[in-house]
Participant: 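This is the structure, below, for whatever I ask next.
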Amino acid sequence: MDLNTWFERGITKEEYMSSLDKHRDSFMTIYNNFTIPDDDKSTLHSKENIRTLVLAEVWCGHCMLDIPILLNIVEEAGIPIRFLRRDENLEVMDRYLTNDKRYIPIVIFIDNEGNEIAKWGPMAPEVESYVSELKQDIPDKESPGYKEAFQKYVDEIGNKFTTDKEIWNYVYEDMKKTLL
């Protein structure tokens with residue numbers, strides 16, 4: 001199946017956002033408070049004949065961080081966007097594995113003919129480094145302290161993603177590099 005067909009099958013931004021649950025507040029905080037630098041706005045407006053297809057899930061913490069920034073970019077540029085829920089679209093997801101795993105979000109920029117122009121995801125390099133460093137403190141899943149350590153990790157990363165504008169900028173700059 002070609003990417004045009006997947007794009008047409010995708011859900012709208014409004015449908016995706018209306019299904020947000022546990023990450024709704026953090027998602028909306030980022031969406032409403034992230035701003036595109038003025039110097040980049042004219043460059044983004046020059047992007048024509050591009051559409052965006054995103055593999056994501058509302059429960060995903062990285063989607064909570066990345067999607068609101070992406071939405072600001074595509075809204076500024078006037079780029080149409082559609083979402084595919086990863087778990088319901090494994091056929092396309094499995095074409096975009098990262099290290100043989102189904103990490104999300106995956107952002108696929110396509111032209112009007114459905115050709116892939118660029119791909120971004122699942123995270124900016126600086127975010128990946130930060131996450132990897134935090135994960136080092138989590139014991140093996142079989143260890144008695146795993147559940148508590150993992151919850152601490154989730155809380156810390158959720159707070160950082162929601163409030164740290166430097167993290168937001170890392171995501172933005174990496175997406176911008178891919179798109180421009």
Side-chain angles (χ1 to χ4, degrees), residues 3-4 6-8 10-84 86 96 98 103-134 156-180:
L3 292 173
N4 274 336
W6 289 109
F7 183 85
E8 294 305 321
I11 62 172
T12 65
K13 167 189 97 170
E14 293 77 16
E15 290 171 306
Y16 181 84
M17 290 174 70
S18 72
S19 65
L20 290 169
D21 52 15
K22 69 178 182 175
H23 292 310
R24 176 180 297 284
D25 291 344
S26 295
F27 182 102
M28 294 309 296
T29 294
I30 299 166
Y31 180 69
N32 291 324
N33 292 294
F34 175 79
T35 54
I36 304 288
D38 288 338
D39 292 350
D40 291 343
K41 290 182 179 181
S42 63
T43 306
L44 287 172
H45 287 274
S46 71
K47 294 293 167 191
E48 296 178 9
N49 302 318
I50 293 177
R51 293 173 298 151
T52 307
L53 183 61
V54 184
L55 288 154
E57 290 284 355
V58 295
W59 49 256
C60 169
H62 288 283
C63 295
M64 174 207 69
L65 166 64
D66 300 333
I67 302 297
I69 295 166
L70 175 65
L71 289 175
N72 275 273
I73 292 170
V74 299
E75 289 168 6
E76 182 65 40
I79 298 172
I81 188 168
R82 292 289 163 82
F83 293 87
L84 293 174
R86 178 194 77 175
Y96 292 93
T98 303
Y103 293 126
I104 51 176
I106 297 294
V107 179
I108 309 158
F109 298 102
I110 61 174
D111 64 17
N112 286 333
E113 288 75 46
N115 299 307
E116 180 182 320
I117 297 169
K119 177 194 88 66
W120 183 90
M123 62 188 90
E126 299 87 351
V127 175
E128 185 174 9
S129 293
Y130 169 73
V131 168
S132 294
E133 188 175 312
L134 278 183
E156 186 172 337
I157 205 166
N159 182 56
K160 182 91 164 166
F161 285 1
T162 304
T163 61
D164 190 333
K165 292 184 178 185
E166 185 175 34
I167 291 281
W168 301 359
N169 193 55
Y170 291 145
V171 172
Y172 170 72
E173 289 296 328
D174 199 51
M175 284 183 182
K176 182 177 84 169
K177 256 193 301 189
T178 300
L179 181 57
L180 305 179

Participant: For Thr98, enumerate each residue passing the side chain to side chain contact (heavy atoms under 4.5 Å, CB included) test, keeping only those at least two apart in sequence or located in another chain.
Facilitator: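 Here the qualifying residues are Tyr103, Ile106, Pro122.
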Participant: Which pairs, with at least one residue in residues 159-180 and sequence neighbours excluded, count as a salt bridge (charged side-chain N to carboxylate O under 4.0 Å, His left out)?
Facilitator: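 Sorted result for residues 159-180: Asp40-Lys176, Lys160-Asp164, Glu173-Lys176, Asp174-Lys177.
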Participant: Would you compute the distance between atom CG of Leu55 and atom SG of Cys60 and round it to the nearest 0.5 angstrom?
Facilitator: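 It comes to 11.0 Å.
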Participant: Among residues two or more places apart or on two chains, list those pairs meeting salt bridge (charged side-chain N to carboxylate O under 4.0 Å, His left out) that have a residue in residues 103-118.
Facilitator: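 Sorted pair list comes back empty.
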Participant: Within the structure provided, determine whether Tyr96 and Ile104 are in side-chain contact (heavy-atom separation under 4.5 Å).
Facilitator: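 Tyr96 does not reach Ile104 side chain to side chain.
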Participant: Can you list everything that forms a salt bridge (Lys or Arg N to Asp or Glu O under 4.0 Å) with Glu75? Sequence neighbours excluded, please.
Facilitator: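 Checked Glu75 against salt bridge (Lys or Arg N to Asp or Glu O under 4.0 Å); matches are Lys13.
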Participant: Nearest 0.5 Å, please: how far is CE in Met28 from CG in Asn33?
Facilitator: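 It is 10.0 Å, given to the nearest 0.5 Å.
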Participant: May I have the list of side-chain donor-acceptor pairs in residues 66-74 shorter than 3.5 Å, sequence neighbours left out?
Facilitator:
| from | atom 1 | to | atom 2 | distance (Å) |
| --- | --- | --- | --- | --- |
| Asn72 | ND2 | Tyr31 | O | 3.2 |
| Asn72 | ND2 | Pro68 | O | 2.8 |

Participant: Might you work through the side-chain contact (heavy atoms from CB on, under 4.5 Å) test for Arg51 and Ile81, ending with a clear yes or no?
Facilitator: CA-CA 6 Å; Arg51 293 173 298 151; Ile81 188 168; over 6 Å; no
Participant: Is there a side-chain contact (heavy atoms from CB on, under 4.5 Å) between Val107 and Leu179 once you walk through the steps?
Facilitator: CA-CA 10 Å; Val107 179; Leu179 181 57; over 6 Å; no
Participant: Looking at CD1 of Ile117 and NZ of Lys119, how far apart are the two atoms once the value is rounded to the nearest 0.5 Å?
Facilitator: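 Interatomic distance, Ile117 CD1 to Lys119 NZ, rounded to 0.5 Å: 15.0 Å.
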Participant: Any idea which heavy atoms bring Ile50 and Pro80 closest together, and the distance?
Facilitator: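 The answer is O-CD, 3.4 Å.
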Participant: The test is side-chain contact (heavy atoms from CB on, under 4.5 Å); show your working for Leu84 and Phe7 and say whether it passes.
Facilitator: CA-CA 8 Å; Leu84 293 174; Phe7 183 85; over 6 Å; no
Participant: Side chains of residues 125-132: which donor-acceptor partners sit under 3.5 Å, not counting sequence neighbours?
Facilitator:
| from | atom 1 | to | atom 2 | distance (Å) |
| --- | --- | --- | --- | --- |
| Ser129 | OG | Pro125 | O | 3.3 |
| Ser132 | OG | Glu128 | O | 2.9 |

Participant: Passes side-chain contact (heavy atoms from CB on, under 4.5 Å), Trp6 versus Ile108? Steps please.
Facilitator: CA-CA 11 Å; Trp6 289 109; Ile108 309 158; over 6 Å; no
Participant: With sequence neighbours left out, write down each residue that passes side chain to side chain contact (heavy atoms under 4.5 Å, CB included) with Thr178, or none if nothing qualifies.
Facilitator: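 So Thr178 forms a side chain to side chain contact (heavy atoms under 4.5 Å, CB included) with Phe109, Ala118, Trp120.
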Participant: Quick check on Glu133: does its CD atom have over 12 non-hydrogen neighbours (other residues, nucleotides or ligands) under 6.0 Å away?
Facilitator: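 No, the 6.0 Å shell around CD holds no more than 12 heavy atoms from other groups.
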Participant: Of all heavy-atom pairs between Met64 and Gly158, which one has the smallest distance, and what is that distance?
Facilitator: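 Heavy atoms only, the tightest pair is CE-O, 4.3 Å.
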Participant: Say you draw a straight line from OG1 of Thr29 to NE2 of His23; how long is it, rounded to the nearest 0.5 Å?
Facilitator: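 Here the interatomic distance stands at 13.0 Å.
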Participant: Looking at residues at least two apart in the chain, or sitting in another chain, which of them share a side-chain hydrogen bond (donor to acceptor under 3.5 Å, both in side chains) with Asp39?
Facilitator: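 Listed in chain order: nothing, the list is empty.
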Participant: Filter on salt bridge (charged side-chain N to carboxylate O under 4.0 Å, His left out), then keep only pairs touching residues 20-34, sequence neighbours left out; what's left?
Facilitator: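 Listed once each, the pairs would be none.
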Participant: Find the distance between OH (Tyr170) and CD1 (Ile167) and round it off to the nearest 0.5 Å.
Facilitator: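 That separation rounds to 6.5 Å.
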Participant: With Thr35, which residues qualify under side chain to side chain contact (heavy atoms under 4.5 Å, CB included), at least two apart?
Facilitator: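 With neighbours one apart ignored, the set is empty.
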Participant: So, using salt bridge (Lys or Arg N to Asp or Glu O under 4.0 Å) as the criterion, who are the partners of Lys41 when residues are at least two apart?
Facilitator: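 Expected list: Asp38.
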Participant: Under the rule for ring pair (Phe, Tyr, Trp, His ring centres under 6.0 Å), what residues qualify as partners of Tyr16, not counting sequence neighbours?
Facilitator: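 For Tyr16, the residues satisfying ring pair (Phe, Tyr, Trp, His ring centres under 6.0 Å) (neighbours in sequence not counted) are Phe83.
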Participant: Got a second to check how far Arg82's CZ is from Thr12's OG1, nearest 0.5 Å?
Facilitator: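 Rounded to the nearest 0.5 Å, the CZ-OG1 separation comes to 6.5 Å.
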